[in-house]
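Read the structure below first, then the notes.
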Protein chains: 2
Amino acid sequence: MSREEPVRSGRKMGRPRAGQERLNRERILEAALRIVDEEGMEALSMRRLGAELGVDPMSVYRHLPGKEAVVSGLVEQVFSEMRLPPSGGATWQERVRAWATAYVELARSHPNLVLRIVSDAAAVSDAMLQVSEPLYAALWDAGLPPREAALAAGTVVDFVHGHALSEESSSTPDDAAPVEDSAFERDMLARLEAQPAESFPTMLRVFRVLAEDATDMNRHPVFDGSLDVLLAGIEAMTYDNAG
Amino acid sequence: MSREEPVRSGRKMGRPRAGQERLNRERILEAALRIVDEEGMEALSMRRLGAELGVDPMSVYRHLPGKEAVVSGLVEQVFSEMRLPPSGGATWQERVRAWATAYVELARSHPNLVLRIVSDAAAVSDAMLQVSEPLYAALWDAGLPPREAALAAGTVVDFVHGHALSEESSSTPDDAAPVEDSAFERDMLARLEAQPAESFPTMLRVFRVLAEDATDMNRHPVFDGSLDVLLAGIEAMTYDNAG
DNA sequence: ACCTGAACACCGTTCAAGT
DNA sequence: ACCTGAACACCGTTCAAGT
């Protein structure tokens with residue numbers, strides 16, 4: 001986390017003045033992330049941030065030019081947390097899957113930041129670029145030429161963004177009992193049945209089955225299932241290219 | 001647009017009091033959408049909205065309970081604009097493609113609202129539900145069983161959301177000359193070359209080729225290309241199911 | 001030179017006071 | 001009964017005034 005800052009435990013290099021550490025970018029982002037993770041994006045204000053740090057709200061401007069910079073810094077920091085498992089001996093499919101999974105889990109671990117993560121990443125932030133190489137490498141090793149590799153990578157990234165968004169906005173706000181199996185499906189069915197009869201015949205058919213079927217389909221398997229679809233589609237591209 | 005309201009031109013049923021139409025939900029949302037489309041989400045405030053309508057800001061609360069309701073109303077209204085081409089005689093693939101295209105174009109026509117569209121839709125707004133039946137119908141006709149149809153639909157929706165987001169945040173803010181071909185690719189290349197040498201060997205290889213290649217690859221074809229990937233993946237599911 | 005905090009120009013929303 | 005607008009409790013940020 002810290003690089004060459006005074007270490008909290010070791011307190012060498014003179015005791016921190018007035019009994020508390022000096023303000024710096026890292027400490028600010030740490031406090032901001034704590035606020036956002038625990039209380040949500042709308043709780044983050046420069047004034048609240050100052051209070052959290054025990055300093056004048058304006059002091060933050062010494063280290064970051066404004067609120068927007070604080071939030072971008074947060075996104076950047078969260079991206080730097082993304083860790084891929086070692087890819088030794090894995091197939092390109094396994095590597096694409098591992099990448100997408102690591103990315104969606106990064107989003108899951110900061111649900112209140114998801115909206116900003118997917119927006120900033122879509123604007124091709126440097127943070128996103130830092131993290132993308134293993135995805136491109138896997139697709140390259142699949143034998144895809146440059147244009148197809150970029151297309152496949154974009155497809156995977158777009159899907160993960162959309163999926164992270166859908167998980168976030170359908171998640172229980174951290175209180176309440178863990179969501180039951182097929183709660184989503186039963187909610188959809190209820191909504192559908194509240195509509196004028198037979199406006200949505202297919203969806204009704206689909207969700208009637210899914211709401212009954214109480215297999216342990218929580219939301220992770222649907223992410224994996226979608227990745228199956230994407231990987232099959234990408235595989236089809238490799239045949240096109242070989243044949 | 002209006003259903004049984006006093007028509008602006010015909011001015012039957014008594015002239016509007018004080019020379020202007022009475023306030024209603026529809027007129028409020030109309031004004032709000034104008035503000036958002038022309039000046040962006042951050043320009044929308046209850047006070048600004050009141051000014052746009054020539055009424056006291058508080059009058060809006062008579063018709064909508066708060067700002068959040070105004071924005072949801074906006075999303076709802078935009079969804080109701082989605083129009084699919086008639087699907088007569090089309091294959092299921094063509095119908096899925098037509099659905100995804102109509103959806104992304106809806107997002108394109110309100111770029112400043114995209115973030116809210118994809119968030120609200122991900123929360124399964126009623127508006128989204130209204131619009132989804134043709135997608136499910138196409139996938140059902142592809143021969144997919146309920147679970148697979150729902151999975152495929154979710155994959156398509158998540159991808160479209162992510163893609164709409166990526167188009168929005170990389171779009172020119174409406175001023176400036178139309179973006180040149182491969183501007184994105186050349187921007188990526190510049191970013192990559194600014195990084196420490198060979199940190200990103202694969203991306204460098206990929207974007208060196210794409211930045212050179214000045215074919216007319218604007219951004220629409222990449223959406224179509226991604227849909228090819230998705231459709232190929234979904235097709236693979238139908239074989240699994242048949243075989 | 002550095003930092004602070006008062007002040008500015010906004011917010012969304014409540015609610016008492018007016019008609 | 002209906003509507004208004006003053007007021008409340010916030011914002012992000014500027015900048016003059018202090019040390």
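In the text below, chain A, chain B and the rest are named by the order of the sequence lines, each starting its count at 1.
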Which nucleotide in the set dA7(C), dG5(C), dG12(C) lies at the smallest distance from any side-chain heavy atom of Met58(A)? dG5(C)

Choose from dG5(D), dG5(C), dT13(D) the nucleotide whose nearest atom is closest to any side-chain atom of Asp56(A). dG5(C)

If we ignore hydrogens and angles and just use 3.5 Å, is the side chain of Asn112(A) paired with the main-chain N or O of Asp37(A) as donor and acceptor? yes

Rounded to whole Å, please give me the gap between NZ in Lys67(A) and P in dC10(C). 18 Å

Could you check which nucleotide pairs with dT19(C) in any of the strands shown, counting Watson-Crick or G-U wobble with both distances under 3.5 Å? dA1(D)

Between C1' on dC2(C) and CZ on Arg22(A), what's the gap in Å once rounded to a whole number? 13 Å

Can you tell me the distance, in whole Å, between the CE atom of Met46(B) and the C1' atom of dC11(D)? 17 Å

If only side-chain N and O atoms of Ser59(A) are considered, is one of them under 4.0 Å from the OP1 or OP2 phosphate oxygen of dC3(C)? no

Is Glu68(B) paired with Arg116(B) through a side-chain N to carboxylate O contact shorter than 4.0 Å? yes

Check: Ala32(A) main-chain N/O paired with Glu52(A) side-chain donor or acceptor under 3.5 Å: no

To the nearest Å, how far apart are Leu44(B) CG and dC10(C) P? 16 Å

Nearest-angstrom distance, P atom, dG18(D) to dC8(C): 16 Å

Gap between atoms CD and P, on Glu42(B) and dC11(C) respectively (whole Å): 11 Å

Arg62(B), nearest nucleotide to its side chain (from dG12(C), dG12(D), dC3(D)): dC3(D)

For dT13(C) and dT13(D), measure between their C1' atoms and round to the nearest Å. 23 Å

dC3(D) P sits how many Å from His63(B) NE2, rounded? 8 Å

Inter-nucleotide P distance (dT19(D), dA7(C)), Å rounded: 16 Å

So, Glu30(B) and Gln77(B): side-chain donor and acceptor under 3.5 Å apart, yes or no? no

I need the CD-P distance between Glu68(A) and dG12(D), as an integer number of Å. 11 Å

Counterpart base for dT13(C), defined by Watson-Crick or G-U wobble contacts under 3.5 Å: dA7(D)

Atom CE of Met41(A) and atom C1' of dC11(D) are separated, to the nearest Å, by 14 Å

Are Arg48(B) and Glu42(B) within salt-bridge range, i.e. N to O under 4.0 Å? no

